[in-house]
Asker: 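So that we are looking at the same thing, I have put the structure below in structure tokens.
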Amino acid sequence: SSSSSRAPAEPARPALPKTTVREGAISFSWDSRPAQSLLGLAPGENPARMVLKAVGQDESSPMMAYCFQQMLEREQDHWGEYVVFYHSFSTSMLRTRSKRKLLAFCSISLLTAPHCLAC
């Protein structure tokens, strides 16, 4: 018998109901899980309306909306584990952005886990 060096599979996350918005041939779906790209939205703001407005109404719009949907799903799948960078940052801008995110995380962590010594 051979032993496997693979890590045990992570349990599947329960599927959440999706909201879908359609405009002509273009559709965009999302669920209520958090995502880095949704952090700047106001409460109740519709991410699909933002995406559909950005992709426009030409022959490439359905594919662009699909790509945004896939990006959002990946962010949701890895929320809390990874940070995503979509832009080319200068070193100083990256440092400033990273510090802000770390401070925001630590302030939340201190409220929920007061034993956090790294913060």
Asker: Are Y66 and M50 connected in the hydrophobic side-chain network, where two residues link if heavy atoms are under 4.5 Å apart?
Answerer: no
Asker: Rounded to the nearest 0.5 Å, what separation is found between the CG atom of D58 and the CE atom of M63?
Answerer: 13.5 Å
Asker: Closest heavy-atom contact between E45 and P47?
Answerer: O-CD, 3.3 Å
Asker: Using atom types as modelled and distance alone, determine if a side-chain donor or acceptor of T20 lies under 3.5 Å from a backbone N or O of S29.
Answerer: no
Asker: Between CZ of R74 and CD of Q69, what distance do you get to the nearest 0.5 Å?
Answerer: 11.0 Å
Asker: For residues S61 and G56, report the shortest heavy-atom separation together with the two atoms involved.
Answerer: OG-O, 3.0 Å
Asker: Compare all side-chain heavy atoms of L72 with those of F28 and state whether any distance is below 4.5 angstrom.
Answerer: yes
Asker: So, for A65 and S27, which heavy atoms are closest and what is the spacing to 0.1 Å?
Answerer: CB-O, 3.9 Å
Asker: Taking atom CD of Q76 and atom CD of E73, what is their separation to the nearest 0.5 Å?
Answerer: 7.0 Å
Asker: Using side-chain heavy atoms (C-beta onward) and a distance below 4.5 Å, is D77 in contact with R33?
Answerer: yes
Asker: Which heavy atom in W79 sits nearest to a heavy atom in A35, and how many Å separate them?
Answerer: CZ3-C, 3.5 Å
Asker: May I ask you to decide whether E23 forms a salt bridge with K53, counting only side-chain N to carboxylate O separations under 4.0 Å?
Answerer: no
